[in-house]
Amino acid sequence: MPPVPDPIKIGEDDDDVECVVDRILDDKTVRSSRGKPPERHWLVGFQGYSDEHNEWLPEYCINTYTDENGELVVNETWKKYEEKREKRL
């Protein structure tokens, strides 16, 4: 198995890193007990990582990202999943 890629540094702090989402496996609605509106979460897989590293993340974590020029970009993997999901509804 190839080595796991290093996360991408996105800020000044060493903890400001993110991994590339390369697959979306499922979604669910999570309800808050504090009266907040429900929030969609996504089961995602990361580029270079096995399925044991899959993680449920809130939508705001995966639907957009900032590119190397500081521009906000829509995550194409998320966009394709959403298009397929809308067709199923």
- Message: Please evaluate residues Arg40 and Trp42 with respect to the criterion side-chain contact (heavy atoms from CB on, under 4.5 Å), reporting the C-alpha separation (whole Å), side-chain torsions for both, the decisive distance (0.1 Å), and the verdict.
- Response: CA-CA 7 Å; Arg40 285 187 55 208; Trp42 306 84; 2.6 Å; yes
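The side-chain hydrogen bond (donor to acceptor under 3.5 Å, both in side chains) check on Glu39 picks up His41, with sequence neighbours excluded. Annotation: side chain to side chain contact (heavy atoms under 4.5 Å, CB included) contacts of Pro37 (sequence neighbours excluded): none. Shown here are the ring pair (Phe, Tyr, Trp, His ring centres under 6.0 Å) partners of Phe46, two or more places apart in sequence or in another chain: there are none. With sequence neighbours left out, Arg31 forms a side chain to side chain contact (heavy atoms under 4.5 Å, CB included) with Thr29, Pro38. Evaluation of the side chain to side chain contact (heavy atoms under 4.5 Å, CB included) rule for Glu71 yields Asp67, Asn69 as partners, not counting sequence neighbours.
Atom CZ of Arg85 sits about 10.5 Å away from atom CG of Asp26, to the nearest 0.5 Å. Taking CD of Glu86 as the reference point, atom CD of Glu83 lies at 8.5 Å (rounded to 0.5 Å).
For Tyr81 and Asp27, the side-chain atoms include at least one donor-acceptor pair closer than 3.5 Å.
Contact check for Ile24 versus Trp78: side-chain heavy atoms found under the 4.5 Å cut-off.
Through chains of ILVMFWY side-chain contacts below 4.5 Å, Leu25 is grouped with Leu43, Trp56.
Residue Arg34 places its CZ atom among 12 or fewer non-hydrogen atoms of other residues, nucleotides or ligands, all under 6.0 Å distant.
A salt bridge links Arg23 and Asp51; the closest N-O separation between the charged side-chain nitrogens and carboxylate oxygens is under 4.0 Å.
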